[in-house]
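Working notes for the structure below.
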Amino acid sequence: MAETITFKVNGETKTVSLEGHEKLLEILRDKLSLTGTKCGCDDASCGACTVVVNGEAKKSCVFPQAKLAGAEVTTIEGLAGKAGELHPIQQAMIDGGAVQCGYCIPGIVMELHGLFSKNPDAGHDEITEALSRHFCRCTGYEAIMASALLAQKYLKEGKGGKKS
Ligand code: FES
Ligand code: FES
């Protein structure tokens, strides 16, 4: 009999059958069709696969299956509002010009979501440290840092946006 695992994703309880030691990244993308979580390296180097697990930003390509049962996972698909309005961090990435190809952005958004949920007043050094876990091959990091600071401001103001 196939082993199963039950955990919450974006507020919904999911039970998936496992085939060996699948990574959280594989479970999200291949079993739950949550393909907003990206794979850039598959070895914990790039940060593209970052999701929030139990309130902490985690790299899903190396998150241990053994810790997944009963966990609460939030992916990029879980951030937009019910009417499709963008989350303030997503809106800030657009407004701050951080998005070019966009491949790294879901992971960066989830990293910042984890950081600002725990510490809304995170300072420049803490934001820099969080962003240091992410590679972006397009923008350089100035626009991403500016967008992160804008995201912090938007979160305090409760500013989101409309999905276009
Ligand atoms: S895919 Fe997980 S860190 Fe790169
Ligand atoms: S926007 Fe292309 S990798 Fe970051």
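Atoms within a ligand are numbered from 1 in the order they appear, just like the ligands themselves. This chain uses plain numbering: 1 for the first residue, then up along the sequence.
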Applying the side-chain hydrogen bond (donor to acceptor under 3.5 Å, both in side chains) test to Thr75, which of Thr37, Asn10, Thr50, Thr35 qualifies?
Asn10
Which pairs, with at least one residue in residues 38-47 and sequence neighbours excluded, count as a side chain to side chain donor-acceptor pair (under 3.5 Å)?
Lys23-Asp42, Asp43-Ser45
Looking at Glu12 and Lys8, is any side-chain nitrogen of the basic one under 4.0 Å from a carboxylate oxygen of the acidic one?
no
Polar protein atoms (N, O or S) that approach atom 2 (Fe) of ligand 1 to under 2.8 Å:
Cys49 SG, Cys61 SG
Take Val16 and Thr4 through the test side-chain contact (heavy atoms from CB on, under 4.5 Å) and record every step on the way to the result.
CA-CA 5 Å; Val16 296; Thr4 62; over 6 Å; no
With side-chain contact (heavy atoms from CB on, under 4.5 Å) as the criterion, how do Val9 and Val51 come out once you've worked through the C-alpha distance, each side chain's angles and the decisive distance to 0.1 Å?
CA-CA 10 Å; Val9 182; Val51 296; over 6 Å; no
d(Met93 CE, Ile108 CD1) to nearest 0.5 Å is 6.5 Å
Which protein atoms of type N, O or S are found under 2.8 Å from atom 2 (Fe) of ligand 2?
Cys101 SG, Cys138 SG
Lys31 side, atom NZ; Glu19 side, atom CD - distance, nearest 0.5 Å
3.5 Å
Passes side-chain contact (heavy atoms from CB on, under 4.5 Å), Ile27 versus Phe7? Steps please.
CA-CA 11 Å; Ile27 294 170; Phe7 62 105; 4.0 Å; yes
Can you list every pair that meets salt bridge (Lys or Arg N to Asp or Glu O under 4.0 Å) and has a residue in residues 67-80, with sequence neighbours left out?
none
